[in-house]
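Notes follow once the structure below has been shown.
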Amino acid sequence: MAGKISAASARAHTRKSKQNTSFKLLSGIFTKTLLVLFVGALAWAYQAIQPPPPKTCGSPDGPPVTASRIKLRDGRHLAYKEHGVPLGAAKYKIVKVHGFDSCRLDAVPLSPELVERLGIYFVSFDRPGYGESDPNPKRTVKSMALDIEELADQLRLGSKFYVIGISMGGQVIWSCLKYIPHRLAGATLVAPAVNYWWSGFPTNLSNQAYQQMLPQDQWVLRVSHYAPWLTYWWNTQKWFPSSSVIANSIDIFSSEDRKLLMKISSTRNQAAQVRQQGEYESLHRDLIVGFGAWEFSPLELDNPFPNNEGSVHVWHGDEDRFVPITLQRYIAEQLPWIRYHELPGAGHLFMVADGMWDNIVKTLLVGEK
């Protein structure tokens with residue numbers, strides 16, 4: 001009887017062993033399948049967030065070089081365009097820094113009469129990755145100021161020169177005031193972009209200003225600041241709305257800006273050049289650097305002209321929907337040496353209104369409005 005029981009137990013044990021073996025086999029296959037799918041998903045995700053290499057001007061697969069360029073110490077080229085009176089005859093020399101999604105061809109439209117009367121020479125240049133300037137994957141807040149200094153030296157602008165920056169180019173002027181103040185005769189920031197994470201802003205003030213942006217633009221800046229490695233993917237994916245600025249949406253413009261858009265579109269013929277080397281090292285790099293972690297805060301800057309040998313001006317419209325006026329006002333309050341010009345009813349594009357550039361430049365150079 002005991003033998004029969006043992007035999008039955010053996011048969012039951014055999015069946016269980018076969019079941020366990022089958023389960024382990026299926027479990028192993030399932031685990032391996034999950035692992036393969038996980039690795040595949042990681043590989044897809046890695047490829048999705050990797051930006052394509054830039055099409056550098058002058059390279060075999062890149063656009064041709066048509067602009068005047070200098071070669072910087074690190075081997076990069078910087079494209080530029082000269083305007084106004086000949087350099088040798090100039091009394092005032094200005095370096096103009098373009099904004100987001102723009103280039104050297106977006107010049108300052110000064111009246112010929114003003115240029116001749118004051119003897120104004122100015123040079124505009126393509127910031128790295130834009131137009132025909134080589135990309136700079138190592139671009140920082142500081143490197144932009146050093147690029148400007150080297151441009152001025154190679155063009156022989158002299159020991160001091162003026163700088164004017166527009167929008168994102170206005171951010172670059174803060175870096176000039178920090179890193180090369182000894183080279184500046186004066187500076188103007190026109191509707192300068194603001195980094196919401198600069199130290200010195202009251203949290204409630206920066207949060208309120210941040211919430212004024214379109215939700216999709218809030219996410220663009222959030223990704224650029226906290227996860228810069230996702231910037232390319234976020235601005236090229238089709239699942240969620242990305243930057244309204246990159247998409248050239250009119251939703252972000254004020255009513256006054258919309259009136260000026262036709263004026264800009266009828267004169268701006270350089271759009272094809274702006275992004276010709278790719279969007280990552282131009283537009284996306286702007287977002288990463290401009291809204292990333294800065295090496296300093298403009299709110300902590302000292303007066304670069306303590307003896308009134310020069311001046312710093314900020315111009316801003318109180319209906320600017322790109323850069324909230326509240327933050328600009330706060331900066332002006334914290335830096336009493338700033339000469340702040342607030343324009344009632346004006347949006348982000350006020351500088352293209354008739355005669356506005358003449359006013360901005362005269363105020364910087366000779367104190368006239």
Side-chain angles (χ1 to χ4, degrees), residues 96-111 124 127 130-131 164-171 188-196 208-221 224 235 240-275 279 282-284 286-287 290-291 313-329 331-332 340-361 363 369:
K96 180 255 184 180
V97 189
H98 69 76
F100 189 78
D101 202 11
S102 186
C103 72
R104 72 189 184 284
L105 300 178
D106 188 11
V108 175
L110 294 179
S111 66
S124 55
R127 292 194 285 113
Y130 281 103
I164 296 178
I166 306 165
S167 193
M168 289 292 285
Q171 280 194 340
T188 292
L189 300 83
V190 182
V194 170
N195 185 321
Y196 297 86
Q208 289 171 5
Y210 189 79
Q211 294 298 323
Q212 291 177 28
M213 290 188 294
L214 296 175
Q216 65 201 74
D217 293 326
Q218 293 179 33
W219 274 103
V220 167
L221 299 194
S224 300
N235 287 285
F240 314 105
S242 56
S243 170
S244 63
V245 182
I246 293 178
N248 294 317
S249 171
I250 66 170
D251 294 340
I252 196 171
F253 290 101
S254 69
S255 57
E256 286 300 311
D257 281 342
R258 295 184 189 191
K259 295 176 184 177
L260 294 169
L261 280 175
M262 288 302 295
K263 182 180 178 70
I264 296 176
S265 61
S266 63
T267 58
R268 189 179 184 189
N269 55 8
Q270 75 274 15
Q273 274 218 13
V274 173
R275 308 183 188 186
E279 294 186 4
S282 53
L283 308 181
H284 302 166
D286 255 6
L287 295 171
F291 298 99
H313 301 259
V314 173
W315 295 75
H316 210 82
D318 68 357
E319 293 295 328
D320 192 325
R321 294 179 59 186
F322 286 75
V323 185
I325 190 67
T326 53
L327 297 184
Q328 221 66 269
R329 288 171 179 163
I331 293 173
Y340 180 59
H341 311 271
E342 185 171 308
L343 305 177
H348 195 66
L349 305 179
F350 67 85
M351 72 290 300
V352 304
D354 291 340
M356 196 65 230
W357 269 119
D358 278 15
N359 290 337
I360 292 171
V361 172
T363 302
K369 282 191 180 181

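What you see is a predicted model; the values in this text were computed from it and never measured. Reckoned from all heavy atoms, side chains included, excluding hydrogens, waters and symmetry mates. Numbers here simply count residues along the sequence, with the first being 1.
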Intermediate values then yes/no, side chain to side chain contact (heavy atoms under 4.5 Å, CB included), V194 and I331: CA-CA 10 Å; V194 170; I331 293 173; 4.3 Å; yes
H341/I360 under side chain to side chain contact (heavy atoms under 4.5 Å, CB included): CA gap, chis, key distance, verdict: CA-CA 10 Å; H341 311 271; I360 292 171; over 6 Å; no
Verdict with supporting geometry, Q218 and Y196, side chain to side chain contact (heavy atoms under 4.5 Å, CB included): CA-CA 11 Å; Q218 293 179 33; Y196 297 86; over 6 Å; no
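To the nearest 0.5 Å, the span separating CZ on F240 from CH2 on W219 amounts to 8.5 Å. W315 CH2 to F350 CZ: the interatomic distance, rounded to the nearest 0.5 Å, is 7.5 Å. Annotation: the span from I166 atom CD1 to I164 atom CD1 amounts to 8.0 Å, rounded to 0.5 Å. Here the OG atom belonging to S167 is positioned 11.5 Å from the NE2 atom belonging to H98, to the nearest 0.5 angstrom. Remark: N235 CG to L287 CG distance equals 6.0 Å, nearest 0.5 Å. To the nearest 0.5 Å, atoms CZ (R258) and CD (E256) are separated by 11.5 Å.
With sequence neighbours left out, D217 forms a side chain to side chain donor-acceptor pair (under 3.5 Å) with S244.
Between G347 and S254, the closest heavy-atom pair is CA-OG, 3.6 Å. For the pair S243 and Q216, the tightest heavy-atom approach, listed with the atom from each and the gap, is C-NE2, 4.3 Å. I252 and S249 make their closest contact through CG2-O, 3.8 Å (heavy atoms, listed as atom of the first residue, atom of the second, distance).
Side-chain contact between L105 and V274 is absent, with no heavy-atom pair separated by less than 4.5 Å. Residues F253 and L260 are not in side-chain contact: their nearest non-hydrogen atoms beyond the backbone lie 4.5 Å or more apart. With contacts defined as side-chain heavy-atom distances shorter than 4.5 Å, the pair L283/V245 does not qualify. Side-chain atoms of Q171 and F100, non-hydrogen and from C-beta on, never get closer than 4.5 Å to each other. Contact of the P192 side chain with the V314 side chain is registered, since non-hydrogen atoms from C-beta on lie closer than 4.5 Å. D101 has its side chain out of reach of I246: every pair of non-hydrogen atoms, C-beta onward, lies at least 4.5 Å apart. By the 4.5 Å heavy-atom criterion applied to side chains, N359 and M351 are not counted as neighbours.
Using modelled atom types and a 3.5 Å distance limit, the side chains of Y210 and Q208 yield no donor-acceptor pair. In summary, the side chains of Y130 and D286 do present a donor paired with an acceptor at a separation below 3.5 Å, with no hydrogens or angles considered.
Using a distance-only test at 3.5 Å, with no hydrogens or angles considered, a donor-acceptor pair links the side chain of R127 to the main chain of G99. Side-chain atoms of D358 come within 3.5 Å of backbone atoms of S111 as a donor-acceptor pair (strictly under, hydrogens ignored).
Among residues at least two apart or in separate chains, side-chain hydrogen bond (donor to acceptor under 3.5 Å, both in side chains) pairs with a member in residues 318-328 are H316-D320, H316-Q328, D320-H348.
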